[in-house]
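Structure first, then comments.
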There are 2 protein chains.
Amino acid sequence: MLPGEIKGTRMSNAVSAIERFSRYQFDDSQSVGPVHCPVRDVLDRIGDKWSILMIATLATRPQRFSELHRAIRDISKRMLTQTLRDLERDGLITRHVFPTKPPSVEYRLSPLGQSLLDPMASLVDWADRRYSDIHDARARFDRAPV
Amino acid sequence: MLPGEIKGTRMSNAVSAIERFSRYQFDDSQSVGPVHCPVRDVLDRIGDKWSILMIATLATRPQRFSELHRAIRDISKRMLTQTLRDLERDGLITRHVFPTKPPSVEYRLSPLGQSLLDPMASLVDWADRRYSDIHDARARFDRAPV
DNA sequence: GGGGGCAGGTCTCAAATAAAGACCTCTGTT
DNA sequence: AACAGAGGTCTTTATTTGAGACCTGCCCCC
């Protein structure tokens with residue numbers, strides 16, 4: 001079996017991005033000192049517990065702090081604030097304060113944030129379609145012999 | 001502005017998966033009791049710190065425990081073991097023990113794991129291409145007035 | 001003019017997760 | 001006998017997350 005092949009079938013060529021990613025890793029594994037990989041830098045951020053959910057929620061329309069809190073029932077205010085700050089810092093969402101009484105704050109996706117929707121959608125779609133496979137695999141694993 | 005529109009431009013239709021995702025969320029926000037969303041169930045797992053990196057590393061070829069440890073220098077053995085177990089449990093990778101002395105253990109992507117490569121690649125590609133935008137946004141945010 | 005409510009947070013403290021790195025087992029080798 | 005290497009586990013410590021009390025204007029109601 002040659003490198004670049006798995007089980008005798010050639011890998012999808014959309015996977016070249018992943019090969020580039022692995023190359024960052026490889027270069028890094030050859031060096032000393034702290035790890036530095038731009039892809040990880042980005043994915044570690046949006047890969048936290050709430051970011052993807054937040055972006056998905058804001059995809060349909062801009063929303064206010066308390067709307068978001070109602071939409072994502074099980075996030076604490078603390079994490080809601082922090083996730084919104086982090087996403088704003090990364091330029092994925094923007095924050096707009098309206099001088100109502102009391103003031104209201106609206107969050108919306110920036111163009112950069114919108115550019116994430118397509119790649120995110122393909123991942124969400126995968127998760128949705130493969131959920132039953134994964135669920136079954138878990139059940140099988142959990143009742144396997146110790 | 002109508003629902004389904006952002007800034008007057010119609011959203012990409014690849015985003016329909018995200019709308020379905022949001023609908024899970026919405027249904028959930030109407031109910032009481034614990035949150036249940038299959039998409040979150042899956043994404044929370046592969047969205048941890050190491051899973052995507054592990055799958056990317058295994059995408060090029062099957063690898064052994066210590067090869068993986070060398071490739072991903074900054075993972076602890078504990079998290080390496082745990083991440084591999086979790087991925088195996090979810091059916092994304094398989095584990096093969098060879099009766100060499102001492103025994104060696106090889107991990108490889110299952111077909112289910114391989115099916116994740118395409119969606120993952122589009123995310124990795126996004127991260128790679130948008131890294132500079134995000135980096136700039138962070139710098140701008142960090143020197144903004146308090 | 002005192003009390004209550006609302007929006008959008010912050011703060012403190014406890015609980016859950018992750019990391020570092022010492023240790024273990026089983027050969028095989030010197 | 002001592003050490004080495006593979007593939008882990010175990011213990012201790014640090015980092016993240018969560019729950020929920022509190023804060024700050026400002027308005028309305030009586």
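Keep in mind that this is a model prediction, so the values were computed, not measured. Every chain is numbered from 1, with letters handed out A, B, ... down the list of sequences.
In this structure, the separation between CG on A:Leu112 and OG1 on A:Thr94 is 11.0 Å, given to the nearest 0.5 Å. B:Ile46 CD1 to B:Leu116 CG: the interatomic distance, rounded to the nearest 0.5 Å, is 5.0 Å.
A heavy atom closer than 4.0 Å to some atom of DNA chain D occurs in B:Lys77, B:Arg78, B:Thr81, B:Arg85, these being the qualifying members of residues 72-91 of chain B. For residues 38-49 of chain A, proximity to DNA chain C is found at no residue, defined as any non-hydrogen atom under 4.0 angstrom from a strand atom.
Counting all heavy atoms, side chain and backbone alike, A:Ala71 lies closest to B:Ser29 at O-CB, 3.8 Å. Minimum interatomic distance between B:Lys77 and B:Phe65 (heavy atoms only, all atoms of both residues): O-CZ, 4.3 Å. Taking both residues in full, the closest heavy atoms of B:Gln63 and B:Glu67 are given as CA-OE1, 3.4 Å, listed atom of the first, atom of the second, then distance.
Under 3.5 Å, the side chains of B:Ser22 and A:Thr60 contain no donor-acceptor pair of N or O atoms.
Contacts of B:Arg138 classified as side-chain hydrogen bond (donor to acceptor under 3.5 Å, both in side chains), with partners at least two apart in sequence or in another chain: A:Asp41, A:Asp90. In this structure B:His135 satisfies the ring pair (Phe, Tyr, Trp, His ring centres under 6.0 Å) test together with B:Tyr131, sequence neighbours excluded.
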**OP:** Any chance you could lay out the side-chain contact (heavy atoms from CB on, under 4.5 Å) test for B:Glu88 and B:Leu84, step after step, and finish with the verdict?
**Re:** CA-CA 6 Å; B:Glu88 188 192 359; B:Leu84 289 168; over 6 Å; no
Subject >> Test log, rule side-chain contact (heavy atoms from CB on, under 4.5 Å), inputs B:Arg73 and A:Ser31 >> reply: CA-CA 10 Å; B:Arg73 283 190 308 144; A:Ser31 73; 4.0 Å; yes
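In this structure, A:Phe98 reaches neither bases nor backbone, as no heavy-atom distance under 4.0 Å exists between it and the strands shown.
Electrostatic pairing of B:Asp125 and B:Arg129 counts as a salt bridge here, judged by a charged N lying under 4.0 Å from a carboxylate O. Using a 4.0 Å cut-off between charged nitrogen and carboxylate oxygen, A:Asp74 and B:Arg40 count as a salt-bridge pair.
Put simply, chain B comes within 4.0 Å of DNA chain D, heavy atom to any atom, from D:dG5 to D:dT11, going 5' to 3'. The outermost nucleotides of DNA chain C lying under 4.0 Å from heavy atoms of chain B, listed 5' to 3', are C:dA18 to C:dG28.
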